[in-house]
Amino acid sequence: MPLRGRSALRRIAARGTAMAVGAAMAAITGVAAAPAVHGSPSADGALRWAPCDDPARPGAECAALSVPVDWAHPDGPTLDLAVARRKATDSGARVGSMVFGPGGPGDSGVEMVVGRISRFSPEVRRRFDIVSFDPRGVGGSNPVTCSSDLLAQRPSPELKSQADFDATMAYNRRLRADCRARTGPVFDHLDTAQTVRDLDALRTALGERKLTFHGSSYGTLLGAQYAETYPRRVRAMVLESVMDHSVATTREFLRSEAATAEDSFQEFVKWCDGATDCALHGRDVRAVWQGLLARAGRGELEDPAKPGTSLSSSDLVNKIAFRKFYEADYAGLATKIAGMDASKPLPASPTTIAPLPPATPVFCSDWRLPVRDHQEYASLVAMMNRTAPDLPQLLPIHMVAACLGAPTNNPQHRLDVHGAPPILVSNALHDPATGYPWAVSVARQLGRSGVLLTYEGQGHGSVTSGPCMEDAVDSYLTDLLIPPRGTSCPAVPS
């Protein structure tokens with residue numbers, strides 16, 4: 001059911017009787033630096049707020065929350081979670097606190113609150129204290145720390161033999177041992193099921209009887225598992241760009257990720273064919289792109305960000321194209337491709353693949369993606385290349401290689417949610433990382449609680465993509481008004 005504009009939302013608000021909500025845990029980024037936290041944890045779990053250590057971006061307050069390293073042993077060792085908030089801009093209209101669940105894994109929620117508060121709509125900032133935190137193992141919350149020299153030795157995920165496969169397994173064991181020794185005991189307790197308990201401790205420390213939550217990308221895994229664990233402690237929950245943790249097998253996971261990435265490439269080509277302002281308009285976009293991939297594979301393509309150095313085909317796909325797909329910045333991508341295509345080839349040289357971020361153990365703790373041997377690995381790569389012929393070496397296969405042999409504390413399962421209020425599931429039709437089928441699946445798993453809101457456009461993240469989406473989400477968070485099932489909002493120009 002299309003939903004167009006602000007007036008439509010006001011009409012829905014007038015029918016709020018039928019929609020009032022009853023009372024009643026992603027391709028993955030590096031660890032963002034978080035501002036220093038001045039607040040100290042208190043024994044009673046309360047938060048002691050103090051200005052964050054960032055005079056260039058005033059107004060945010062920081063604190064620390066002490067939580068157990070292992071919630072199965074609540075009286076054991078603890079760690080301090082870095083927390084930040086910005087108070088509601090209209091104290092008289094304040095609803096309460098809204099906790100933001102950051103993505104990645106590896107994104108800093110503290111940095112989001114301190115430096116990127118415009119990510120949230122004006123109405124949400126007006127009505128809520130915006131609160132977020134660095135999840136355990138990230139930023140200011142006992143970050144995963146590993147030897148930079150060892151990280152730089154990561155084998156290429158282009159495994160060409162059983163010997164390469166065995167060497168990767170051995171490297172992963174060495175790296176895990178190094179990271180565990182440098183990080184401390186929290187290294188073995190980084191999974192989202194532990195973070196669910198952290199989130200509930202934060203809710204209590206904020207003095208909120210029930211949780212208002214907005215999770216984005218990997219943060220949707222946290223939100224969904226919170227609703228599964230504490231369904232009657234949810235006031236309102238938005239899951240934006242949704243991870244589907246029910247994807248059971250390695251092949252299924254990689255196929256779905258490849259398909260949604262290729263869909264974004266096809267959308268880009270289609271846009272360029274029809275847009276006269278596309279820098280590649282009138283040209284064979286795929287042929288130009290394949291030429292760049294070939295040059296990158298030979299080490300002849302210059303990195304636009306590092307003149308004089310070569311750009312690997314992996315980085316061309318994951319750092320150039322994929323980032324623009326995230327932003328739905330097709331014009332910017334076309335301009336960058338045209339510039340690289342016109343650049344003078346570098347002398348052929350070997351290329352390297354950038355190290356994965358230390359937040360990778362968080363992903364490995366949540367996803368059991370086993371691969372038996374090189375033969376199976378090669379078949380998975382071939383399947384991905386058939387599914388996404390324009391985007392070889394996508395990041396998910398790198399993550400699978402990095403997780404080979406790793407233990408998984410919180411493996412995939414279908415959600416089992418009973419007693420939660422309506423939960424708003426928001427996704428773009430053409431999301432490059434968390435495909436629309438995942439959102440449909442999660443909404444179904446939530447059963448009567450799941451309400452899917454569709455953005456008919458592109459990009460990773462959708463809740464502020466135009467007035468229709470923004471008003472639907474704002475009305476739900478502030479007044480607990482749910483849009484009718486089947487609601488969709490039109491794409492807006494990027």
Are any of the side-chain heavy atoms of [X] and [Y] separated by less than 4.5 Å?
| X | Y | value |
| --- | --- | --- |
| Tyr218 | Thr434 | no |
| Val463 | Leu424 | no |
| Leu452 | Tyr436 | yes |
| Val138 | Asp107 | no |
| Tyr230 | Val196 | yes |
| Thr260 | Glu257 | yes |
| Asn385 | Val381 | yes |
| Pro122 | Glu470 | yes |

Walk me through it: do Phe120 and Met112 pass the test side chain to side chain contact (heavy atoms under 4.5 Å, CB included)?
CA-CA 10 Å; Phe120 306 99; Met112 179 68 72; 4.0 Å; yes

Side chain [X], main chain [Y], donor-acceptor under 3.5 Å:
| X | Y | answer |
| --- | --- | --- |
| His398 | Pro157 | no |
| Ser132 | Val113 | no |
| Tyr476 | Pro422 | yes |
| Gln412 | Arg368 | yes |
| Ser365 | Pro407 | no |
| Asn318 | Gln393 | yes |
| Ser108 | Asp134 | no |
| Asn409 | Leu190 | no |
| Asp129 | Gly96 | no |
| Tyr226 | Thr195 | no |

Sorted by chain and residue number, the salt bridge (charged side-chain N to carboxylate O under 4.0 Å, His left out) partners of Asp263 (sequence neighbours excluded) come out as none

I would like to know whether Tyr455 and Asp431 meet side chain to side chain contact (heavy atoms under 4.5 Å, CB included); could you show each step before the answer? CA-CA 10 Å; Tyr455 174 58; Asp431 188 308; over 6 Å; no

Which of Asp474, Asp471, Thr464 passes side-chain hydrogen bond (donor to acceptor under 3.5 Å, both in side chains) with Ser121? Answer is Asp474

The single option from Ser426, Ser241, Ser216 that satisfies side-chain hydrogen bond (donor to acceptor under 3.5 Å, both in side chains) with Ser462 is Ser426

Quiz question: by atom type and distance under 3.5 Å, do the side chains of [X] and [Y] form a donor-acceptor pair?
| X | Y | result |
| --- | --- | --- |
| Asp244 | Gln445 | yes |
| Thr387 | Glu262 | no |
| Asp198 | Gln194 | no |
| His245 | Glu228 | no |
| Arg197 | Thr229 | no |

How long is the gap from [atom1] on [X] to [atom2] on [Y], to the nearest 0.5 Å?
| X | Y | atom1 | atom2 | value |
| --- | --- | --- | --- | --- |
| Thr204 | Arg233 | OG1 | CZ | 7.0 Å |
| Met98 | Thr212 | CE | OG1 | 8.5 Å |
| Leu446 | Ser441 | CG | OG | 9.5 Å |
| Tyr377 | His374 | OH | NE2 | 8.5 Å |
| Leu81 | Phe133 | CG | CZ | 7.0 Å |
| Glu456 | Ser488 | CD | OG | 4.0 Å |

The complete set of salt bridge (Lys or Arg N to Asp or Glu O under 4.0 Å) pairs with one or both residues in residues 378-394, sequence neighbours excluded, reads Arg286-Asp390

>> Tell me whether Glu61 is salt-bridged to Arg85, with the criterion being a basic N under 4.0 Å from an acidic carboxylate O.
In response: yes

For [X] and [Y], which heavy atoms make the closest approach, and how far apart are they?
| X | Y | answer |
| --- | --- | --- |
| Ala227 | Ile423 | CB-CD1, 3.7 Å |
| Met243 | Thr220 | N-OG1, 2.9 Å |
| Val247 | Trp438 | CG2-NE1, 3.6 Å |
| Val69 | Arg136 | O-NH1, 2.7 Å |
| Leu415 | Val442 | CD1-CG1, 4.2 Å |
| Val67 | Ala201 | CG1-CB, 4.2 Å |

**OP:** Could you please spell out the steps behind the side chain to side chain contact (heavy atoms under 4.5 Å, CB included) verdict for Leu211 and Asp200?
**Re:** CA-CA 8 Å; Leu211 177 71; Asp200 197 54; over 6 Å; no

Checking Glu252, Arg414, Arg444 against Ser246 for side-chain contact (heavy atoms from CB on, under 4.5 Å), the one that qualifies is Arg414

(request) Taking atom CD of Gln375 as the centre, report whether more than 12 heavy atoms of other residues, nucleotides or ligands fall under 6.0 Å from it. (result) no

How are the rings of [X] and [Y] set to each other: parallel, tilted or perpendicular (split at 30° and 60°)?
| X | Y | value |
| --- | --- | --- |
| Phe325 | Tyr330 | perpendicular |
| His214 | Phe100 | perpendicular |
| Trp271 | Phe268 | parallel |

Quick note, side-chain hydrogen bond (donor to acceptor under 3.5 Å, both in side chains) partners involving residues 168-178, not counting sequence neighbours, are Asp178-Arg182

- Check against side chain to side chain contact (heavy atoms under 4.5 Å, CB included), Ser147 and Gln153: CA-CA 10 Å; Ser147 163; Gln153 296 169 28; over 6 Å; no

